[in-house]
Amino acid sequence: MNLTIHRGTQEIGGSCVELRTNNTRLLIDFGIPLVTPQKHSFDIKLLNHKSIEDLRKSKILPDIQGLYKNDQKGIDAILLSHSHLDHYGFLKYVNPDIPIYLSEGAKQLIDVSDIFIPFKAGGLNVTVMHKKRKLTIGDFVITPHLVDHSAFDALAFLIEADGKRVFYSGDFRGHGRKGVLFERMTEHPPEDIDCLIMEGSMLGRSKQRYENENEVQKRIEEILKVSDTITFLFASSQNIDRIVSAYKACRRTHSIFVIDIYTAFILDKLRTVSEHIPQFNWKNVRVKFLASHADAMVKHGYRDLLYTYNRRKIDMFEIDRKKDKILMLARDNSVFPSIIKKLTKPKGATIIYSMWEGYLSETFKKYCAEKGIAIEQVHTSGHAPLDDLQAFAHAIDPTVLIPIHTFHGDRFHDLFENVKTLEDDETFTI
Ligand SMILES: [Zn+2]
Ligand SMILES: [Zn+2]
């Protein structure tokens, strides 16, 4: 079996892995990079009005024969580990005859993103994988494993062919709400792994203040307990672990969790995967309507759902009246100042900043300081820290460990055993 990592050996984001036998070609993930080939920060606008040929020439799209819309189909299938754009964002360029395999949760989240975010994956040829059920594609036998990650319903893959066994970790951690999956995997690891392709996002990042999702929930709870005016939560609506933490903190402090239509729709769609995900009509949850979200729902034929969500609608007047009991999901965008303007006393409010701190801009910090709004960072990463990566690699004990999804692949040699670092597009025979 041959392995080629087309992108991801030296960077976080844009992961794209190919496994190949004499008869079958399999691709795993096909995401948008976070950095350009020149290692500048990647702007999605670089994709605007560019043809596939242009993007291939400028090396923004990797040069993979038989993958793209304008090529004859040469890839048998694509496996998708999870619904983060750095793993699926380029699928719209793929030949639609190539089937894409993914989890139910990933499918639902990509469908919702296609309605609300400007970047569209668009009409993918998808098949939902059943967890732990083996799937055969040509020479390959694939077993998906559910993993703990900030993307809901994320998968790792055990892939067998030519008498060899490869394990692709995807993005993972052990300190989220599904941390037990990490424990189980390290206690009962897949055996006889010839090659482990493992992420290393956290190498080079500093130690986290909040070590796990429970601590995040506890801190949100403490903030709500002492708050005498509105509290905002800046978090990704797709980070379901975080939404659950916020919901639970609200339940325990008798606060109202105000979500928007986009979030209500995400939670609604994921009902098919888990009945434990909070819903818009659960106690303590209310929905704030935003015109742009309502327009997007109507445009995509979800007018009826809007009527349903309307039953739990909360307006700014009620939010202002009950402000000391409100946790409102919001974001650093043009809507936020208009919310602040409608409050009688925004001064003293707190923003719980529950995303990667790199997204927090100086301009926004200044705006908040002027308004007397405090920002407190309460976040835990979607990725495993070094000691968990080491425990994981040690448990699997592969013949070869290949780093991916890291800016510090070279450090793997000092930190792990049996490491083989590759260059992008280099082919390695397993
Ligand atoms: Zn990633
Ligand atoms: Zn991810």
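Both counts, for ligands and for their atoms, begin at 1 and track the order of listing. The residues of the chain are indexed from 1 along the displayed sequence. Model, not experiment: these values are computed from the prediction.
Of all N, O or S atoms in Asp86, the one lying closest to the Zn ion (ligand 1) is OD2. The atom of Asp171 that is an N, O or S and sits closest to the Zn ion (ligand 1) is OD2. The N, O or S atom of His84 lying closest to the Zn ion (ligand 2) is ND1.
The environment of Lys134 atom NZ is sparse: at most 12 non-hydrogen atoms of other residues, nucleotides or ligands sit within 6.0 angstrom. Crowding of His413 atom NE2: a count of heavy atoms from other residues, nucleotides or ligands under 6.0 Å exceeding 12. Heavy atoms of other residues, nucleotides or ligands lying less than 6.0 angstrom from NZ of Lys283 number 12 at most.
The nearest N, O or S atom of His405 is closer to the Zn ion (ligand 1) than 2.8 Å. Look at His149 and the Zn ion (ligand 2): an N/O/S atom of the residue is under 2.8 Å from the metal. Residue His383: no N/O/S atom is found under 2.8 Å from the Zn ion (ligand 2).
The closest side-chain heavy-atom distance from Leu3 to Glu18 is not below 4.5 Å.
Of the candidates Lys248, Arg173, Lys178, Arg173 is the only one forming a salt bridge (Lys or Arg N to Asp or Glu O under 4.0 Å) with Asp241.
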